[in-house]
Amino acid sequence: MSEQIKIHLPDGSIREVPSGTTPLDIATSISPRLAAVVVVARIKALHAAAPASTTDETTSEDAMYAAHDAAAEKIVDLRHPLTEDVSLELLKETDPDALKVLRHSAAHVMATAITELYPEVKLGHGPATDSGFFYDIYREKPFTPDDLSAIEQRMADVVQRDEPFLRSYEPREQALADYAEHGEFMKQHFIEKFTQPGEEVSLYKNGAFTDFCRGPHVPSTGRVKAYKVTTIAGAYWLGDEKNPQLQRVYGTAFYNQKDLDAHFKHLEEIKARDHRVLGKQLDLFSIQELAGSGLIFWHPNGAIIRKTMEDWMRDECLRRGYDLVVTPHVMRRELWQISGHEGFYGQNMYAPMELDDAEYRLKPMNCPGHILIYKNSPKSYRDLPVRYAELGNVYRYERSGTMHGLLRVRGFTQDDAHIFCTPAQIEDEVVACVEFAEEVLHKFGFNEFKVELSTWDPNDAKHYVGDPKDWELAVNGLKTALNRKNIPYKEIPGEAAFYGPKIDVKLVDVLGRLWQLSTVQFDFNLPRRFELEYTGEDGEKHQPVMVHRALFGSVERFFGVLIEHYAGAFPLWLAPIQIGLVPISEKHTAYAETVKKELEAIGLRVTLDARNEKMNAKIRDLTLQKVPFVLIMGDKEAEAKAVSVRTRGKGDEGSTPLADFLARAKNLLETKAATL
RNA sequence: GCUGAUGUAGCUCAGUGGUAGAGCACUCCCUUGGUAAGGGAGAGGUCAUGGGUUCAAGCCCCAUCAUCAGCUCCA
């Protein structure tokens, strides 16, 4: 151990220390105060060979456990002995990586509490998540809310004891035997999966609690200062619904109470933006138990927004060279057999219904309908590309537990289009679709998005139609288009539609959440299945290819995301009530009526609150309805033909001539401004 | 579909086996007001649905439906 190693610190200094020195030693040597606040260390080997990448095809489960070890840069315990030249960064509580470590440690603290309270449980795994941590527990009896608070209280004891997290190693066979003896089938599985025979396995021990774990951890349980056990939910062992279900106990943790409070405040904010909550408050839509779950009723306030969105979309399609079509909701079963939907998508379709001697099925997609229109008359290469667009209502069977407000429903409207073109035209058409998608997102106030390219999984070929050569061609077509637009994208194998690969545009909302909406898909299969043709320049018959695209994706889902993005405070052009009029007393109502007429004349939706109420009450009610402009008028305004303007989010702006306000509103309306 | 929780007035929610409650919203009356709630009165409920236990069920038990948090699956 007399060998010296060099430690490079972030300030550029280099320390020469004996091998085996720990980050904690170094922190202490810098300053004892630093040692007290430091939590973990980030190190990077300076000369070592690149870490051996065991295999490229890691499952998500592998990745979950391998993440730390695979990275050239890694996070280690403060007690981790350093044995080679490294760059070392001591992480304080404020580092995001340090927070992850804390949460992982909090999961151990929770597991400690749980095993103390309920010795009969078997442990699964307990990782940190984006917003906290969980631990999967197997126990015959479900945990009750009382159990959760008992667990939380016991955690306080564990924290109080301030037990150090100590790493140790044990022969694999020994660990396996120990776990087998206690019936810890999940731990056995993890050891078998993540370690090799003959290896030593890594264990972490705090007090009497030991867990198979790669770490790293904070120095001791006392560091877990602010935490909460939040909820419990079922989770399948290894994510497979054929396996037994575990109880996943969720919690979250922070280094201090202030951050924990802020976290819950943030959750409150998210809840206040919840489209289901706002949908009720603003009377936008409802779901009726009598009608069935996953089916949306658009109330007047929601329907007027929808109309505005749809009008814009139709106009935009026409402007971009699409033709509008409308196709039926139910079509004969044979059609769905030919298209392949019955075979590849049947699980998601409503059951067939019998009418006369034929069977019909509700449409889950619009493509076959558009194909029939294409086939209805012969096409020449001069006609291509043919672009059919429809706001088509589709119905898909979703399992009962999966519905979620407007975001996951059984009946919805797709702004669907199918482009029939020659192979040579694909690239231009795909580029045009992606540009159109960008325009849609910008128009509705979303400025950030991410692009994914979903390809097939050749190992799972039975879920897809077509042969590998075509798939490769199609994927390359989409890639070329994306590259031409210089759009960065992430490739995701196994996520393609059954008939072809797709480009998914995921938008990022104002809270940074990702939503899957727009999609552009390539399809060579349906043209083949329906024997589509066009006559080429050479007079011969050729087969067109198809591009499917939906930009809102689902009008329902897009609307749901829009509600959350704007927190219900829609820009003027979309707001159901655009202007609220408040006469100060009843004697000003007549003047308000004349103002209302003038505003309506330029196409504004106006509400006049003529109730027998004080103006403050009226202002409050209109404000809670998130009306963009509230115009208040009394004697002064009536005399001067003016209005007193109250702008949403800004408040009182004082009196202004009515003509000026009309010009301002007109401008916002005509430009469809994304804010106010 | 699975695990757990929840379902009471239009909305938000109290109500631990003995005559269904509050606030807001609604209707009427009084009040006629300068930038987020004026005062009073009234009306409104097969306690999700269907069974069961009990002298007695909103409350306890079973089933179904729906919602919520997850899991799984997807626009």
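Sequence lines set the chain letters: A, B, ... in the order given, protein chains first and strands last, and positions in each chain run from 1.
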Discussion item. Could you tell me if the side chain of A:L441 sits less than 4.5 Å from the side chain of A:F558, heavy atoms only?
Written reply: yes
Discussion item. Taking the C1' atom in each of B:rC29 and B:rU6, what is the distance between them to the nearest angstrom?
Written reply: 41 Å
Worksheet item: Closest heavy-atom contact between A:Q516 and A:R557?
Response: O-NH1, 3.2 Å
Worksheet item: Can you tell me which stems RNA chain B forms when a stem means 3 or more consecutive Watson-Crick or G-U pairs under 3.5 Å?
Response: B:1-7 with B:65-71, B:10-13 with B:21-24, B:26-30 with B:38-42, B:48-52 with B:60-64
Worksheet item: Checking all strands, does A:N616 fall into the base, sugar-phosphate, or nothing category for heavy-atom contacts under 4.0 angstrom?
Response: sugar-phosphate
Worksheet, complete the sentence: To the nearest angstrom, the CD-P distance between A:E289 and B:rC47 comes to 15 Å
Item to complete: Check every strand shown and say whether A:D635 touches a base, only sugar-phosphate, or nothing at a heavy-atom separation below 4.0 Å.
Response: base
Practice prompt. Report the distance from atom NZ of A:K141 to atom P of B:rA5, rounded to the nearest whole Å.
Written response: 12 Å
Worksheet item: What is the minimum heavy-atom distance between A:F444 and A:H565, and which atoms define it?
Response: O-CD2, 4.2 Å
Practice prompt. With the side chain counted from C-beta on, respond yes when A:C317 and A:E390 share a heavy-atom pair under 4.5 Å apart, and no when they do not.
Written response: no
Discussion item. Can you measure A:I584 atom CD1 to B:rG34 atom P for me and round it to whole angstrom units?
Written reply: 8 Å
Might you list the N or O atoms of the protein lying below 3.5 Å from N or O atoms in nucleotides 26-31 of chain B, with each pair's distance?
unit_1: B:rC30; atom_1: N4; unit_2: A:N612; atom_2: ND2; d: 3.2
unit_1: B:rU31; atom_1: N3; unit_2: A:N612; atom_2: OD1; d: 3.0
unit_1: B:rU31; atom_1: N3; unit_2: A:N612; atom_2: ND2; d: 3.1
unit_1: B:rU31; atom_1: O4; unit_2: A:N612; atom_2: OD1; d: 3.1
unit_1: B:rU31; atom_1: O4; unit_2: A:N612; atom_2: ND2; d: 2.0

Fill in: Any side-chain donor near an acceptor of the partner, A:S286 and A:Q288, under 3.5 Å
yes
Discussion item. Rounded to whole Å, please give me the gap between NZ in A:K636 and C1' in B:rG34.
Written reply: 7 Å
Discussion item. Just to verify, what does A:I305 make a side-chain contact (heavy atoms from CB on, under 4.5 Å) with, not counting sequence neighbours?
Written reply: A:L284, A:M309, A:F559, A:F570, A:L574, A:P576
Discussion item. With rounding to the closest Å, how many angstrom separate the C1' atoms on B:rU19 and B:rG45?
Written reply: 15 Å
Worksheet item: Going 5' to 3' along nucleotides 68-75 of chain B, which nucleotides have protein heavy atoms under 4.0 Å from the base (write B), which only from the sugar-phosphate (write S), and which from neither (write -)?
Response: SSBBBBBB
Item to complete: Give the B/S/- string for nucleotides 41-46 of chain B, one per nucleotide from 5' to 3', where a protein heavy atom under 4.0 Å of the base yields B, of only the sugar-phosphate yields S, and otherwise -.
Response: ------
Worksheet entry | Contact nearer the 5' end of RNA chain B, comparing A:G292 with A:P145 | A:P145
Worksheet entry | Pairwise C1' distance, B:rA22 and B:rA14 [rounded to whole Å] | 7 Å
Item to complete: Please tell me if the side chains of A:I270 and A:E564 come closer than 4.5 Å, counting only heavy atoms from C-beta onward.
Response: no
Worksheet entry | Between B:rU53 and B:rA37 - C1' atom distance, rounded Å | 49 Å
Worksheet entry | A:R396 side chain near A:M365 side chain, heavy-atom distance below 4.5 Å | yes
Item to complete: Check whether any side-chain heavy atom of A:Y250 lies under 4.5 Å from a side-chain heavy atom of A:S131, and answer yes or no.
Response: no
Item to complete: Determine the interatomic distance between C1' on B:rA25 and the same-named atom on B:rG18; round to the nearest Å.
Response: 33 Å
Worksheet entry | Interatomic distance where OH belongs to A:Y138 and P belongs to B:rU3 [whole Å] | 13 Å
Worksheet item: Of all the nucleotides listed (B:rG34, B:rG1, B:rA36), which has the minimum atom distance to the side chain of A:S400?
Response: B:rG1
Discussion item. Applying a 4.0 Å non-hydrogen cut-off, can you work out what A:K280 is touching in the nucleic acid: base, sugar-phosphate, or nothing?
Written reply: sugar-phosphate
Worksheet item: When rounded to the nearest 0.5 angstrom, what is the spacing between CD1 in A:I419 and NE2 in A:H370?
Response: 11.5 Å
Practice prompt. Please state how far atom CD1 in A:I287 lies from atom C1' in B:rA48, giving the value in whole angstrom units.
Written response: 16 Å
Worksheet item: Mind checking the C1' distance from B:rU12 to B:rA56? Whole angstroms is fine.
Response: 31 Å
Discussion item. Any base atoms under 4.0 Å from A:L624, or only sugar-phosphate, or nothing? Heavy atoms, all strands.
Written reply: base
Discussion item. Both A:F143 and A:E653 contact RNA chain B. Which one's nearest nucleotide lies toward the 5' end?
Written reply: A:F143
Worksheet item: Is there side-chain contact between A:L507 and A:L514, with heavy atoms separated by less than 4.5 Å?
Response: no
Worksheet entry | Protein-nucleotide distance (A:Q625, atom CD; B:rA37, atom P), rounded to Å | 16 Å
Worksheet item: Expressed as a whole number of Å, how far does the C1' atom of B:rG52 sit from that of B:rC2?
Response: 27 Å
Discussion item. Under 4.0 Å, counting only non-hydrogen atoms across every strand here, what does A:A617 touch: a base, just sugar-phosphate, or nothing?
Written reply: sugar-phosphate
Discussion item. I want to check something: taking the side chain as every heavy atom from C-beta on, are A:L335 and A:K363 in contact at a cut-off of under 4.5 Å?
Written reply: no
Worksheet item: B:rG7 and B:rU31: how far apart are their C1' atoms, nearest whole angstrom?
Response: 41 Å
Fill in: Heavy-atom closest contact (A:I137 atom, A:V249 atom, distance)
CG1-CG2, 4.2 Å
Fill in: A:Q288 CD - B:rG10 P separation (whole Å)
13 Å
Worksheet entry | Residues forming a side-chain contact (heavy atoms from CB on, under 4.5 Å) with A:E269, sequence neighbours excluded | A:K265, A:H266
Worksheet item: Does a donor on one side chain sit under 3.5 Å from an acceptor on the other, for A:R664 and A:T656?
Response: no
